[in-house]
Structures are given as structure tokens and as C-alpha cells.
There are 2 protein chains.
Amino acid sequence: MSWSKDGRGGPRGYHHGNLKEALVRAAVELIAQKGPAGFTFADAARWAGVSAAAPYRHFRDRDELIADVALRGFVMFEAALAKAWDEGRPDPGVAFERLGRAYLDFARTEGPYYSAMFEAAIPLDANPGLREAGDRAFGVLRGAAERLVSLMPTGQRPPAMMVALHIWSMAHGVASLFGRSDGGRRALPMPAEDLLEAGVLVYLQGLGLVRPHKAKDEPPPGPWSPGGAKPPGSVPPAGSRRTS
Amino acid sequence: MSWSKDGRGGPRGYHHGNLKEALVRAAVELIAQKGPAGFTFADAARWAGVSAAAPYRHFRDRDELIADVALRGFVMFEAALAKAWDEGRPDPGVAFERLGRAYLDFARTEGPYYSAMFEAAIPLDANPGLREAGDRAFGVLRGAAERLVSLMPTGQRPPAMMVALHIWSMAHGVASLFGRSDGGRRALPMPAEDLLEAGVLVYLQGLGLVRPHKAKDEPPPGPWSPGGAKPPGSVPPAGSRRTS
DNA sequence: AGCTCATGTAAGGAGCGTTAACATGGCACG
DNA sequence: CGTGCCATGTTAACGCTCCTTACATGAGCT
């Protein structure tokens with residue numbers, strides 16, 4: 001009975017049993033192979049092992065299929081970010097680092113979803129549900145920024161929204177320039193995750209949220225330094241994250 | 001007279017006279033309208049007012065046309081960045097700010113080129129010239145970062161390459177998330193330019209390169225603070241591309 | 001005048017989107 | 001337990017656009 005849930009493979013009867021799911025998976029697979037603009041409705045049908053007319057029972061057109069992928073992506077994204085943030089435990093600094101890594105991790109491991117979400121040029125105006133899902137995902141980032149900012153003395157707090165937008169921008173920039181390892185991208189002298197982590201750390205130092213650790217406890221000069229953030233621990237450089 | 005150089009309009013004889021240029025402009029126009037994946041070779045021919053077979057005399061296929069647009073874009077981009085940087089005059093901090101603004105300005109005013117350069121998924125491996133042009137443009141950014149970094153005491157210098165990549169990432173992130181005001185994007189509480197400027201400033205502060213708001217605003221708080229740089233007419237919709 | 005490039009015209013083939021008409025079989029309901 | 005409905009898929013067909021090539025023709029240059 002499990003074959004009825006498989007998108008491909010096993011024999012199936014006249015009815016597919018789970019075509020909608022299969023089409024979504026087909027879209028994900030095809031986006032992974034050829035980019036969000038590189039596949040067609042007919043392709044998805046073929047990939048799902050079904051005739052070209054079948055998808056019309058489930059999606060009005062190709063855009064609706066992609067929008068569905070993007071929607072699922074945002075839901076997964078929100079969950080991944082929320083899990084990484086974990087309400088700021090054990091402390092906001094550490095949790096924020098995790099958040100940044102989770103962002104990139106999602107972009108990398110769920111590349112096709114990420115593409116559908118941010119590169120497919122879906123008209124948000126026509127998909128209010130999609131916009132809401134995106135806003136919810138961004139809300140996690142924003143909530144984290146608010147928490148972080150609240151650690152600062154009242155007079156020096158930057159707008160949390162701005163901080164969230166900066167982090168989002170840098171994460172998205174890193175992800176889209178270097179995140180996916182498809183052939184055409186540029187080579188990096190370091191893993192994208194570390195690049196982002198270092199960037200976020202420098203940024204947070206700029207806000208005064210993290211000590212510049214100028215006390216130089218050790219040789220490691222800064223958030224950069226190749227071995228800086230490798231140990232499986234969390235975020236060694238930059239000293240204590242407490243910033244009480 | 002001039003009609004032989006026009007892409008459209010005026011009467012022309014059997015020979016177009018400048019079809020290659022006209023095709024490039026057509027591509028730019030079509031990318032502006034429908035995105036880098038949203039136009040076809042035949043479209044470009046139609047737009048230029050020639051038959052569908054004519055473009056083959058000038059470009060092997062659609063990809064070569066887009067690559068040409070991207071190549072020109074990189075050249076323009078490099079020039080714009082170099083001009084903004086102006087070899088670090090009057091001082092590297094100020095010049096770096098200009099550089100960031102020039103980046104966003106390019107992304108906004110030359111949106112189609114920017115799309116061709118960064119969102120068209122052109123295989124760089126097959127276009128060495130394109131890669132070189134891109135590297136040259138990035139070289140401006142990197143050179144500026146090197147200059148900036150050289151202001152720091154020797155022991156604390158972060159790798160210039162990393163700094164350049166961070167700035168690039170943030171600029172690209174801002175540009176691609178909020179830069180173009182096409183219908184589907186998200187609204188921002190501030191102009192994208194200011195968002196980027198503030199982000200870069202915070203980042204540079206994090207490096208210790210800029211003292212909290214040295215020559216920026218008068219009010220004390222920081223790079224944010226809504227009075228920063230907002231002449232009222234700074235963000236026109238920019239819907240129609242000039243290019244004609 | 002003649003050469004050569006640039007462009008037009010024509011035509012074939014392929015793929016896609018879309019719709020209409022027909023087939024199948026799971027399931028609700030008697 | 002039988003039966004009929006209807007959601008789901010299939011087949012077939014139309015129209016459109018695109019890509020590509022082969023051949024014809026206009027226009028400038030020497």
C-alpha cells in the first residue's frame with residue numbers, strides 16, 4: 001500500500017492516489033535540476049508518470065504549482081528558523097548564531113524550495129496566503145532581532161526591524177551568491193556558512209551587542225580566522241556572548 | 001541620420017543597420033518587463049522589428065544574447081563602482097559609502113542588466129570573458145576593502161577578501177530582496193539605499209573602521225535614525241527603463 | 001558590375017498549454 | 001451486498017510559439 005504514496009516507481013492503477021503530492025515533488029525535483037524557470041507543467045506530469053492533462057485536476061496552471069511549492073517552503077522555513085532560534089535559549093547571542101546557520105542550511109539543503117520562495121518571481125499580490133506565510137517566517141527573524149535589541153541600553157537600541165532586515169539581507173545575499181553549489185557559481189575561500197557567521201558577528205559587534213573581544217584572550221584575532229568557528233561547540237570567538 | 005541607430009520606430013530599409021545593438025536593447029527591455037527568463041529569441045527579434053531568423057546572424061542563441069547583456073552590464077557596473085570609489089577620495093570611509101550607494105543605484109536604475117548579471121543563471125564556465133568581467137567588477141570592491149582594511153592596525157586586520165564578500169553579500173541581498181520595486185516585492189519602512197547604508201555602517205563599526213557616526217549625521221544615536229539621508233524624492237517608482 | 005554581407009521568406013519539426021470527450025474505480029448510500 | 005456517482009486520469013486533438021535551416025533578395029562597397 002505504500003506505493004500509492006510514491007511519486008514514481010511502483011506500479012499503480014488507473015488512479016494515482018496521491019498525484020498532488022507527486023506533482024509537488026516533481027516540481028521540487030525539476031527546480032533542483034533546471035531552476036525555477038526551467039521546467040514546464042508537462043514536465044512535471046511526465047516526471048510524476050502521468051499524462052499531460054492530469055495536473056489540471058489539481059492546479060490551475062504552472063504558477064499555482066510553483067506557488068504551492070513556495071508556500072510549503074515558507075512553512076518549512078519558519079519551522080526550521082523557529083527551531084534554531086528556540087526562543088533564544090540558552091541565550092540570545094548563541095541562539096542568533098544558530099538562526100543564521102539555519103537560514104543558510106535551509107537554503108542549501110532545500111535549495112529548490114528556497115528558489116521557489118525567493119527567485120521564482122511569484123506575484124505576491126495575487127497570493128495573499130503566500131505573503132502571509134513569508135511574513136510568518138520573517139517574523140521569527142524579527143522576533144529574534146527584537147530580543148537581541150532588548151539587551152541593549154534603552155537609548156542605544158537600533159530598530160529591531162532594521163536589524164532583522166540587515167540579517168535577512170546578508171543571509172539572502174550569501175545564500176544566493178554562494179549558497180548553492182551549482183556549477184555556475186563562484187568559488188569561495190571559505191564555506192558559505194562561515195562567511196555568513198563571520199559577517200553576522202561583525203555586524204553584531206557593530207551594534208555593540210557582542211564585545212569586540214579586544215582583550216584578545218587568544219591568538220584568534222576575530223570572527224574571521226579560519227579555525228575560528230569550526231569546533232562543534234557553538235561560537236567560540238568574540239568571547240562571552242552574554243552582553244548583559 | 002539617427003534612425004539607423006534606433007532600435008525601433010523610424011522607417012528603415014532592408015538592412016537594419018544596427019541590429020546587434022537593437023537586439024541587446026530589446027533584450028534589456030524585455031528583461032525589464034518579464035524577467036531574465038521571460039523572453040525568447042523570437043521576442044527580441046519582434047521587438048527589434050526584424051524577422052525571427054535575423055538574430056542568428058549576430059548571436060548563436062538566446063543564451064549568447066543574455067550573456068552579452070550581462071557582459072555589458074559588468075563593464076558598466078565596474079565603471080560605476082570605480083567612479084564611486086574614486087580611488088578612495090576624499091577618504092576611504094566616505095568613498096566606501098559612495099561605493100555602497102552606487103551598487104544599489106546600479107541595481108535599481110539598471111535593473112535588467114543586474115538581472116542578467118546575477119539572476120540569469122548563465123554558466124560561467126562556458127563564458128570565461130563573462131567571468132573575467134565579473135571578477136573585474138568585484139575587484140573594485142575588493143580593492144576598496146583592501147584599502148579600508150589597511151587603515152587598521154596590523155594585528156587586527158580582517159582579510160580584505162572577506163570584507164569585500166560581506167559587503168557584496170549585503171548589497172546583493174538588499175538589492176535582490178528590496179531593490180527593484182516591481183509589484184511582487186515587499187514593502188520597506190525605509191528606502192533600500194538607506195537600509196544598505198546603515199547596514200554597511202554597522203558592519204564597518206563592527207570592524208572598528210568607523211567610529212560611531214563619525215561624519216554622518218548630527219544626531220548621536222547611530223547609523224539608523226530616520227533623518228539619515230532622505231531627500232523626499234529619492235525613490236521614484238523606476239518602473240520604466242530608460243534605454244530607448 | 002559584381003561581390004559579400006545582412007536580412008527576409010518559407011517551411012519543417014518539436015513542445016507546450018489547453019480543452020473536450022471518454023474511461024476507471026473508490027466509496028457513499030441504499 | 002449491489003449500484004451509481006463523481007473525482008481522478010487518459011486519449012486525442014487544436015492552436016500557438018519557438019527554434020532552426022535553406023534559399024532568395026536587397027544594399028553597400030570596390
Side-chain angles (χ1 to χ4, degrees), chain A residues 1-27 29-31 33-69 120 122-123 126, chain B residues 1-27 29-31 33-68 120 122 126:
Chain A
M1 297 315 179
S2 74
W3 58 264
S4 73
K5 291 186 171 184
D6 281 350
R8 328 184 71 173
R12 51 163 263 258
Y14 192 94
H15 282 70
H16 185 287
N18 216 346
L19 184 53
K20 186 161 186 176
E21 294 302 312
L23 286 172
V24 169
R25 274 204 302 270
E29 188 69 22
L30 290 167
I31 290 173
Q33 285 175 19
K34 311 197 278 182
F39 83 100
T40 70
F41 218 32
D43 261 331
R46 247 193 310 278
W47 200 96
V50 102
S51 77
Y56 286 87
R57 299 280 182 205
H58 301 278
F59 300 97
R60 194 173 356 94
D61 56 18
R62 203 195 80 127
D63 278 4
E64 196 172 288
L65 172 54
I66 294 195
D68 198 79
V69 173
I122 308 168
Chain B
M1 319 296 232
S2 72
W3 57 264
S4 72
K5 290 186 171 183
D6 280 350
R8 324 185 73 170
R12 49 163 265 261
Y14 190 95
H15 282 68
H16 185 287
N18 216 346
L19 185 52
K20 185 160 187 175
E21 294 302 314
L23 286 172
V24 169
R25 276 203 300 267
E29 188 67 24
L30 290 167
I31 289 173
Q33 285 175 19
K34 309 197 280 183
F39 83 101
T40 72
F41 219 31
D43 261 333
R46 246 193 309 279
W47 200 96
V50 298
S51 75
Y56 286 85
R57 289 283 166 186
H58 302 278
F59 300 98
R60 194 173 357 92
D61 54 19
R62 203 195 81 124
D63 278 2
E64 197 172 289
L65 173 54
I66 293 197
D68 198 79
I122 307 168

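In this text the structure is predicted, and so the values were computed from the model without any measurement. In what follows, chains are A, B, ... by sequence order, proteins preceding strands, each numbered from 1.
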- Using modelled atom types only, decide if a donor and an acceptor are shared between the side chain of A:Arg25 and the backbone of A:Ala48 within a distance under 3.5 Å. no
- Query: Just how large is the angle between the end axes of the helix from C:dA1-D:dT30 to C:dG30-D:dC1, five pairs per end, to 10 degrees?
  - Reply: 10°
- Query: Taking only residues two or more places apart in sequence, or in another chain, which ones meet B:Phe59 in a ring-ring contact (aromatic ring centres under 6.0 Å, His included)?
  - Reply: none
- Exam field: side chain B:Asp61 to backbone B:Glu64, donor-acceptor pair closer than 3.5 Å: yes
- Item | Audit row: B:Leu19, B:Arg57, side-chain contact (heavy atoms from CB on, under 4.5 Å) steps and yes/no | CA-CA 9 Å; B:Leu19 185 52; B:Arg57 289 283 166 186; over 6 Å; no
- Listed in order of residue number, which residues of residues 34-44 of chain B have a non-hydrogen atom at under 4.0 Å from DNA chain C? none
- Query: Residues two or more places apart in sequence or in another chain: which of them pass salt bridge (charged side-chain N to carboxylate O under 4.0 Å, His left out) with A:Lys20?
  - Reply: none
- Taking only side-chain nitrogens and oxygens of A:His58, does any of them come within less than 4.0 Å of OP1 or OP2 of D:dA7? no
- Message: Closest approach to the side chain of B:Tyr56, judged atom by atom: which nucleotide of C:dT18, D:dT21, D:dT10 is it?
- Response: D:dT21
- Message: On DNA chain D, compare the nucleotides closest to B:Arg57 and B:Asp61; which residue's is nearer the 5' end?
- Response: B:Asp61
- List the protein contact pattern of nucleotides 11-16 of chain D with one symbol per nucleotide (5' to 3'): B for base contact, S for sugar-phosphate-only contact, - for none; contact means a heavy-atom distance under 4.0 Å. B-----
- Using a cut-off of less than 4.0 Å, is there contact between a side-chain N or O of B:Arg46 and OP1 or OP2 of D:dC18? yes
- Task: Provide, to the nearest angstrom, the distance between the CG atom belonging to A:Asp63 and the C1' atom belonging to C:dG17.
- Result: 13 Å
Distances under 3.5 Å between nitrogen or oxygen atoms of protein and nucleotides 11-14 of chain C:
none

